[in-house]
J.: 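Handing you this structure, nothing more for now.
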Amino acid sequence: MSDEVQIDQEVYDRLIGEGKSERIARAKAKAASVRKQKIEEGQSLGPKPAEEASKALEEFRSSRGGGGGVATKTAAPADGGSGGRLTPEERAQRVAASLGNGGDSGSVGVPASSDHTHRLLALVPPAGIQQVQSKQMDKVYTWPHLLLVEFVALLAVGSLLLIVSFFLDAPLGSLANPNEVPAINKAPWYFMGLQELLAYFHPAVAGITIVGATVALLMALPYADKNPSARPENRKFAAMAFTFFLAFWGILTMIGSFLRGAGYEWVWPWVQGLGFTL
Amino acid sequence: MPKLPKPPSYSDVKGSVQDNVIWKSIFRPGSIYRKGYRDTSRDRALAAMNNVLYHLHPVKVKRHGLKLTYTYCLGGLSFFLFVLLTITGIFLMFFYTPAAGAGTEIAYMNMRELSASVTFGGLVRNLHRWGAHAMVFAVFLHMARVFYHGAYKPPREFNWVVGVILLLLTLFLSFTGYLLPWDQLALWAVTVGTNIAGFSPVFGDQVSFVLLGGVQIGPETLLRWYVLHVLFVPFITVVFLAVHFWRIRKDGGISGPL
């Protein structure tokens, strides 16, 4: 067989025709050509039968001069006396035995009288094994691909903010005076939904109950939503519910911000002007 | 005419700048500023791994996450605005004293002077103000984006909870900052907001007292909210940001594809 595995052009063309990716088609075509070659040489395909495999292993071992991967029986015999502790001599003896120095075995770590076929290194409870369930995915290098996108986004938003800040001054009213309530008295915009609710309900309901419930609901959301799918077509109810939630707060915020004027009375901004300060 | 020495070429200068002990001690292998950076898989991986900022990212990211319409960069922009607000905030701290009260309206005077006589004072204050609003908005949008992509689903449930906490911290940061100019707008907006806190069940009065440092908004409130705004809340926020970013990596990077 040559070093370079030739691809089976026929298989390759067929797979490409079926819409398989170039990588998969190439790999399968290579495998097909290897298989074909083996058949031509009269070799058997697939895993070797058991006796053939053990014969090959035997040959391999004798050529290496010793029992290659044969493992030891390390379980200590339950000895009485001294409460399970070993005397230094016993320990030295056991170490020597487990290293195989006492016997005629050709390889280190394997005692001569061994009837085990594997070595138990550690017992790991199933719960201790971290299950990594990640699929092979189409990935790209963070540098330069992602970092470039992030840098452009950062520049765009940074410069937009700079331009806005250059032309638009932050408001600064007159000095704070606890004795003079301003005509238009509003919270920052992100609390306007809340202030609007206060116009309808007692503060204990609007301020505490509804807000507390909203926060609790948001935090409990991932535990409450048992639908495993993230596809939009499988989450129509969730998307609708969340849209209603956003719309509820959005509309309240809009009303509070733009449709309320002096004394928190309902006004039309095109009649009495915009009673809104950022 | 004596022959003048030829000026060194750009690549000569670049080589001698990059090929010395100091430069190489600053830029770790894989840095694009180090000599011998090649556009290979190895150096691309090292560039992300060996930079203190970039290594918040994994070496490789899922391709669909690059699409602008998947994340709209909202989480990253929220963080960028947080950093921008920290920087502009530090600048503003140099010119601000959280002192109010009859006859000592230093805080408000500082605000007037900031725009009038501090170089770039007004601009930096504007950046801080508009940046704060933009950050609140970006965090809201980020939350909505994460919801519509179902990105809070296992194993990312806890990171959503951390995100909700970060949203509340963002609102609290913005709200505490709202009082600091000590003008009518600030005083009364905060009065409206804190009145609500006074209605919390059982401990309403105590909550209100702790928040205001008294029974009503006064000079003590200003000092209290100043410390909350410039130190306490940012500190807590940074802790939660660290957890938030760390969990993104541990939960398998960006969610999706849908």
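Order of the sequence lines sets the chain letters (A, B, ...), proteins ahead of strands, with each chain counted from 1. Not measured: the values here are computed from a predicted model.
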J.: In terms of heavy-atom proximity below 4.5 Å to chain A, should B:Phe80 be classed as side chain, backbone, both, or neither?
T.: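 The side chain, not the backbone.
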J.: Quick check: do B:Trp160 and B:Met143 have side-chain heavy atoms less than 4.5 Å from each other?
T.: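 Of all side-chain heavy-atom pairs linking B:Met143 with B:Trp160, at least one is under 4.5 Å.
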J.: Go through B:His64, B:Glu105, B:Gln216 and name the one with the most non-hydrogen pairs under 4.5 angstrom from chain A.
T.: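 When all of B:His64, B:Glu105, B:Gln216 are compared, B:Glu105 has the most.
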J.: So which residue, B:Leu68, B:Ile32, B:Val162, B:Asp39, ends up with the most heavy-atom pairs under 4.5 Å with chain A?
T.: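 Result: the option with the highest number of such pairs is B:Ile32.
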J.: Among B:Leu185, B:Leu123, B:Leu127, B:Val161, which residue forms the greatest number of heavy-atom pairs with chain A at distances under 4.5 Å?
T.: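 Of the options given, most contacts go to B:Leu127.
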J.: Count the heavy-atom pairs under 4.5 Å between each of B:Ser174, B:Pro58, B:Gly65 and chain A, then report the option with the highest count.
T.: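 The candidate making the most pairs under 4.5 Å is B:Ser174.
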J.: Side chain from CB out, backbone as N, CA, C, O: work out which of these in B:Lys153 comes under 4.5 Å of a heavy atom of chain A, or both, or neither.
T.: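 Side chain only.
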J.: Go through B:Val164, B:Thr191, B:Leu66 and name the one with the most non-hydrogen pairs under 4.5 angstrom from chain A.
T.: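 Most pairs with chain A among the choices: B:Leu66.
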J.: Is it the side chain or the backbone of B:Arg129 that comes within 4.5 Å of chain A heavy atoms, both, or neither?
T.: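 Contact with chain A is through the side chain of B:Arg129 alone.
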J.: Heavy-atom distances under 4.5 Å only: say whether B:Leu84 touches chain A with side chain, backbone, both or neither.
T.: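 Contact with chain A involves the side chain of B:Leu84 alone.
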J.: So which part of B:Tyr178 gets closer than 4.5 Å to some heavy atom of chain A, the side chain, the backbone, both or neither?
T.: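 The side chain, not the backbone.
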J.: May I ask you to check whether B:Phe140 and A:Tyr190 place their ring centers less than 6.0 Å from one another?
T.: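 Distance test on ring centres: not under 6.0 Å, no.
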J.: Of all of A:Asn185, A:Val149, A:Val157, which one pairs up most often with chain B through heavy atoms under 4.5 Å apart?
T.: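 Ranked by heavy-atom pairs under 4.5 Å with chain B, first place is A:Asn185.
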J.: Using a strict cut-off of less than 4.0 Å between a Lys/Arg side-chain nitrogen and an Asp/Glu carboxylate oxygen, indicate whether A:Arg260 and A:Glu265 qualify as a salt bridge.
T.: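 Result for this pair is no, no salt bridge flagged.
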J.: Using heavy-atom distances under 4.5 Å, tell me whether B:His149 contacts chain A through its side chain, its backbone, both, or neither.
T.: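 Backbone only.
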